[in-house]
Chemist: 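I'd like to ask some things about the structure below.
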Amino acid sequence: MQNFFILSVCCLLLSSCGSKTGGQDFTSVAGEVTYKGQPILDGVIRLSPATGTQAPARTTQIKSGRYQFTERNAVKAGTYQVEIYAYRGGSGLPGDKTADSPEREQILPEQFNTQSEIEVLQVQTGNGEIQQDYHFN
């Protein structure tokens, strides 16, 4: 009987551990990204928590003008600084000059990434998926 009780308590504790990351505290964010009217074919979008937001940074790929933060990469409620990088060329990272991997060129101006002037993203739980598009000229 004691073993059954211990097993029951363990199952209860394990089932409650995963519920916070399962949906209520995290929100899916998706959208499209264009530059000069064209979809960004290859890039990265990074969400860095602003001061006062207790959450991990999130990064995901932009492919054919679309990005999506879902499931394990969903975003916790809070305020985030947005950085967007778009690449052209080889498969290596910018600054990576190896013979078998040509360097990729980052094509967006600094105001969209390292010196981001993009409006912060506000994420609230309970709103379902957030659709957030970014169109730059």
Chemist: Taking the side chain as every heavy atom from C-beta outward, state whether Lys63 and Asp42 have any atom pair closer than 4.5 Å.
Modeler: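 Heavy-atom side-chain distance check passes, below 4.5 Å.
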
Chemist: Would you name the heavy atoms of Thr70 and Glu129 that are closest together and state the gap between them?
Modeler: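 Heavy-atom minimum between the residues: CG2-OE1, 4.4 Å.
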
Chemist: For the residue pair Ala57 and Ser48, what are the closest heavy atoms and their distance?
Modeler: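 Of all heavy-atom pairs spanning Ala57 and Ser48, the closest is CB-CA, 4.3 Å.
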
Chemist: With a distance cut-off below 6.0 Å to the six-membered ring centre and an angular limit of 45° from the axis, does Arg58 pair with Phe69 as a cation-pi contact?
Modeler: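 No, Arg58 and Phe69 do not form such a contact.
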
Chemist: What are the two closest heavy atoms between Gln68 and Ala30, and how far apart are they?
Modeler: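 Smallest heavy-atom distance, with atoms named: CG-CB, 3.9 Å.
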
Chemist: Do side-chain atoms of Asn113 reach the backbone of Ile84 as a donor and acceptor pair under 3.5 angstrom?
Modeler: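 Yes, Asn113 side chain to Ile84 backbone: donor-acceptor pair under 3.5 Å.
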
Chemist: For the atom pair CD1 (Ile40) and CD1 (Ile62), what is the distance rounded to the nearest 0.5 Å?
Modeler: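 One finds 5.0 Å between CD1 of Ile40 and CD1 of Ile62.
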
Chemist: Are Phe136 and Val29 grouped together when hydrophobic residues (ILVMFWY) are joined by side-chain heavy atoms under 4.5 angstrom apart?
Modeler: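 Yes, it is one cluster - the side chains of Phe136 and Val29 are joined through contacts under 4.5 Å.
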
Chemist: Please check this pair: side chain of Asn73 against backbone of Thr59, looking for a donor-acceptor N/O pair closer than 3.5 Å.
Modeler: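 Yes, the answer is positive, given that a donor and an acceptor are paired below the 3.5 Å cut-off.
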
Chemist: Check this for me: Gln61, atom CD, are more than 12 non-hydrogen atoms of other residues, nucleotides or ligands nearer than 6.0 Å?
Modeler: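 It does not: Gln61 CD has 12 such atoms or fewer within range.
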
Chemist: Considering only residues two or more places apart or on different chains, which pairs with a residue in residues 36-60 satisfy ring-ring contact (aromatic ring centres under 6.0 Å, His included)?
Modeler: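 Passing the test, one end in residues 36-60: no pairs.
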
Chemist: What is the distance from atom CD1 of Ile107 to atom OH of Tyr85, rounded to the nearest 0.5 Å?
Modeler: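 Ile107 CD1 to Tyr85 OH: 14.0 Å, rounded to 0.5 Å.
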
Chemist: Are Gln106 and Tyr87 side-chain neighbours, meaning at least one heavy-atom pair lies under 4.5 Å?
Modeler: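 Yes; the side chains approach each other to less than 4.5 Å.
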
Chemist: Side chains of Glu32 and Pro39, heavy atoms from C-beta outward: is any pair under 4.5 Å?
Modeler: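 Of all side-chain heavy-atom pairs linking Pro39 with Glu32, none is under 4.5 Å.
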
Chemist: Please tell me whether Tyr67 and Leu108 are part of a single hydrophobic cluster in this structure, the criterion being side-chain heavy atoms less than 4.5 Å apart.
Modeler: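 The answer is yes; both residues are in one hydrophobic cluster.
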
Chemist: A side-chain contact here means heavy atoms from C-beta on lying under 4.5 Å apart; do Ile45 and Tyr134 qualify?
Modeler: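 The answer is yes; the side chains approach within 4.5 Å.
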
Chemist: Identify whether Val33 and Ile130 are in the same connected component of the hydrophobic contact network (ILVMFWY, side-chain heavy atoms under 4.5 Å).
Modeler: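 Yes, one cluster joins them.
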
Chemist: Please find the pair of heavy atoms, one from Ala55 and one from Pro49, that lie closest to each other, and give the distance.
Modeler: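 Looking at all heavy atoms of both residues, the closest pair is O-CG, 3.0 Å.
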
Chemist: Side chains of residues 116-124: which donor-acceptor pairs under 3.5 Å do they make with residues two or more places apart or in other chains?
Modeler:
from: Ser116; atom 1: OG; to: Gln81; atom 2: NE2; distance (Å): 2.9
from: Ser116; atom 1: OG; to: Val82; atom 2: O; distance (Å): 2.5
from: Ser116; atom 1: OG; to: Ile118; atom 2: N; distance (Å): 3.3
from: Gln122; atom 1: OE1; to: Thr79; atom 2: OG1; distance (Å): 3.0
from: Gln122; atom 1: NE2; to: Thr79; atom 2: OG1; distance (Å): 3.3

Chemist: Can you tell me how far the CZ atom of Phe26 sits from the CZ atom of Arg72, to the nearest 0.5 Å?
Modeler: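 Answer for the CZ-CZ pair, Phe26 versus Arg72, is 11.0 Å.
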
